[in-house]
Trainee: 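Pasting in a structure now, in structure tokens, and then I'll have a few things to ask.
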Amino acid sequence: MVGEELAARWGLRWGRDRFKARLAEGRAGGPVLGEPSAARVALLLPQTYMNDSGRSVGPARGSLKVPLDHVVVVYDEIDLPFGEVRSRVGGGTAGHNGMKSLKRELGSADFVRVRGGVGRPESTDPEVVSAWVLGRFREPDSEVRDLVARAAEEVERIVSGAELAAAQES
């Protein structure tokens with residue numbers, strides 16, 4: 001949802017599928033954000049299973065020649081309360097299978113992460129947790145839209161360079 005929001009904000013079109021993903025390339029900001037010289041970006045929405053997302057991101061990074069410190073991964077985080085957005089560089093995988101796949105395929109965990117809090121279910125049963133993260137949001141649409149917008153704003157700050165240093169320190 002955040003990728004779709006960023007594509008709309010930046011006026012990017014989704015091109016043909018590549019790297020087992022939907023891909024949009026262009027400039028972040030520019031006329032949309034009123035910036036004369038906007039950063040070149042590629043938005044990648046892996047079409048693999050989440051647990052295998054690295055099999056999409058790794059080859060895309062290599063082909064597009066993106067330095068690891070320019071990779072920004074946006075994902076849901078059950079260990080954050082719903083609606084909270086945090087960013088940082090590196091860190092562990094916290095059992096998140098998609099993050100394990102990314103770390104393995106990128107060769108390191110030293111990429112920027114933007115985590116959107118989706119909260120944790122009452123149960124620790126793996127099937128309940130899986131249904132929680134794969135199911136529809138239980139919160140009102142307005143709160144979901146707000147979470148997506150704030151996560152997109154965090155990505156924009158990082159891409160613009162305004163928050164990269166702060167993300168690297170947290």
Side-chain angles (χ1 to χ4, degrees), residues 1-26 28-29 32-33 41-61 71-106 109 111-159 163 167 170:
M1 293 170 79
V2 175
E4 293 284 356
E5 174 71 13
L6 288 167
R9 287 179 180 209
W10 296 337
L12 303 181
R13 290 190 164 172
W14 297 103
R16 62 182 175 85
D17 287 1
R18 293 175 58 200
F19 314 111
K20 300 177 186 162
R22 294 178 59 210
L23 178 67
E25 296 179 87
V32 177
L33 294 178
V41 295
L43 294 173
L44 189 77
L45 298 180
Q47 299 300 295
T48 61
Y49 288 109
M50 178 271 300
N51 292 356
D52 286 331
S53 56
R55 293 181 56 213
S56 172
V57 176
R61 175 185 168 242
V71 173
V72 179
V73 176
V74 180
Y75 65 100
D76 60 348
E77 176 64 69
I78 65 172
D79 290 327
L80 291 177
F82 178 85
E84 192 167 318
V85 175
R86 290 190 192 170
S87 61
R88 70 176 185 199
V89 174
T93 62
H96 193 293
N97 291 325
M99 294 305 293
K100 289 178 187 177
S101 174
L102 287 166
K103 179 180 177 183
R104 181 178 56 250
E105 297 296 328
L106 294 173
F111 47 86
V112 180
R113 304 158 187 225
V114 174
R115 302 174 295 149
V118 295
R120 182 178 278 282
E122 298 284 327
S123 174
T124 58
D125 179 303
E127 288 186 26
V128 172
V129 172
S130 178
W132 180 269
V133 297
L134 296 176
R136 296 191 182 278
F137 284 105
R138 291 145 189 85
E139 293 74 16
D141 287 346
S142 62
E143 291 180 26
V144 174
R145 283 192 303 272
D146 183 57
L147 170 61
V148 170
R150 285 185 297 104
E153 288 163 9
E154 183 66 10
V155 171
E156 288 179 323
R157 280 191 290 276
I158 291 166
V159 169
E163 293 293 321
S170 62

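All figures in this text were calculated on a predicted structure; none of them were measured in a lab.
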Trainee: Name all residues meeting the side chain to side chain donor-acceptor pair (under 3.5 Å) criterion together with Glu105; count only those two or more places apart in sequence or in a different chain, and write none if there are none.
Mentor: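 Applying side chain to side chain donor-acceptor pair (under 3.5 Å) to Glu105 gives none.
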Trainee: Could you report the tightest heavy-atom contact between Val89 and Val112, atom names first, then the distance?
Mentor: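 Result for this residue pair: CG2-CG2, 3.8 Å.
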Trainee: The criterion is salt bridge (charged side-chain N to carboxylate O under 4.0 Å, His left out); which residues satisfy it with Arg113, sequence neighbours excluded?
Mentor: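 So Arg113 forms no salt bridge (charged side-chain N to carboxylate O under 4.0 Å, His left out) with any residue.
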Trainee: For Ala24 and Leu12, work out which heavy atoms get closest and say how close.
Mentor: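 Looking at all heavy atoms of both residues, the shortest contact is CB-CB, 4.1 Å.
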Trainee: State whether the side chain of Gln47 and the backbone N or O of Leu45 hold a donor-acceptor pair below 3.5 Å, judged by distance alone.
Mentor: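 Yes.
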Trainee: Would you please name every residue forming a side chain to side chain donor-acceptor pair (under 3.5 Å) with Arg120, sequence neighbours left out?
Mentor: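 Scan of Arg120 (side chain to side chain donor-acceptor pair (under 3.5 Å), adjacent residues dropped) gives Asp79.
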Trainee: Atom CZ of Arg18 and atom OG of Ser56: how far apart are they, to the nearest 0.5 Å?
Mentor: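 Spacing of CZ (Arg18) from OG (Ser56) equals 11.0 Å.
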Trainee: For Arg115 and Gly117, indicate whether the former's side chain and the latter's backbone hold a donor-acceptor pair under 3.5 Å.
Mentor: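 The answer is no, because no donor-acceptor pair under 3.5 Å joins these two groups.
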Trainee: Which residues pass the side chain to side chain donor-acceptor pair (under 3.5 Å) test with Arg22, sequence neighbours left out?
Mentor: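 Side chain to side chain donor-acceptor pair (under 3.5 Å) check on Arg22 returns Glu4.
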Trainee: If we ignore hydrogens and angles and just use 3.5 Å, is the side chain of Arg13 paired with the main-chain N or O of Gly11 as donor and acceptor?
Mentor: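 Not at all, since once roles are kept as given, no pair shorter than 3.5 Å links the two residues.
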Trainee: Report all side-chain donor-acceptor pairs from residues 139-149 shorter than 3.5 Å, counting only partners two or more places apart or in another chain.
Mentor:
| from | atom 1 | to | atom 2 | distance (Å) |
| --- | --- | --- | --- | --- |
| Asp146 | OD2 | Arg150 | NE | 3.0 |

Trainee: Can you see which heavy atom on Leu106 is nearest to which on Gly58, and at what distance?
Mentor: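 Closest heavy-atom pair between Leu106 and Gly58: CD2-CA, 4.0 Å.
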Trainee: For Phe111, check ring-ring contact (aromatic ring centres under 6.0 Å, His included) against everything at least two apart and list the hits.
Mentor: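 In terms of ring-ring contact (aromatic ring centres under 6.0 Å, His included), with neighbours along the sequence ignored, Phe111 is linked to no residue.
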Trainee: Mind listing the closest non-hydrogen atom pair of Gly91 and Arg88 along with its distance?
Mentor: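 Taking Gly91 first and Arg88 second, the nearest heavy atoms are CA-NH2, 3.9 Å.
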Trainee: Trp132 side chain to Ser123 main-chain N or O, any donor-acceptor pair under 3.5 Å?
Mentor: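 A pair under 3.5 Å: no.
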Trainee: Can you tell me how far apart CG (Asn51) and NE2 (His96) are? Round to the nearest 0.5 Å.
Mentor: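 One finds 8.5 Å between CG of Asn51 and NE2 of His96.
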Trainee: Specify the closest pair of heavy atoms between Leu43 and Trp14, including all atoms of both residues, with the distance to one decimal.
Mentor: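 Shortest heavy-atom contact: O-CZ3, 3.7 Å.
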Trainee: Using every non-hydrogen atom in the two residues, find where Leu44 and Ala21 come nearest and quote the distance to one decimal.
Mentor: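 Result for this residue pair: CD1-CB, 3.4 Å.
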Trainee: I need the Glu5 CD to Glu156 CD distance, nearest 0.5 Å.
Mentor: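 Interatomic distance, Glu5 CD to Glu156 CD, rounded to 0.5 Å: 8.0 Å.
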Trainee: To the nearest 0.5 Å, tell me how far Leu102 CG sits from Asp52 CG.
Mentor: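 The CG atom of Asp52 is 10.5 Å from CG of Leu102, to the nearest 0.5 Å.
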Trainee: OG of Ser101 to NZ of Lys103: how many Å apart, nearest 0.5 Å?
Mentor: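 Going from the OG atom of Ser101 to the NZ atom of Lys103 covers 12.5 Å.
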Trainee: Would Arg9 and Glu153 count as a side chain to side chain contact (heavy atoms under 4.5 Å, CB included) if you check the C-alpha gap in whole Å, the side-chain angles of each, and the deciding distance to 0.1 Å?
Mentor: CA-CA 10 Å; Arg9 287 179 180 209; Glu153 288 163 9; 3.4 Å; yes
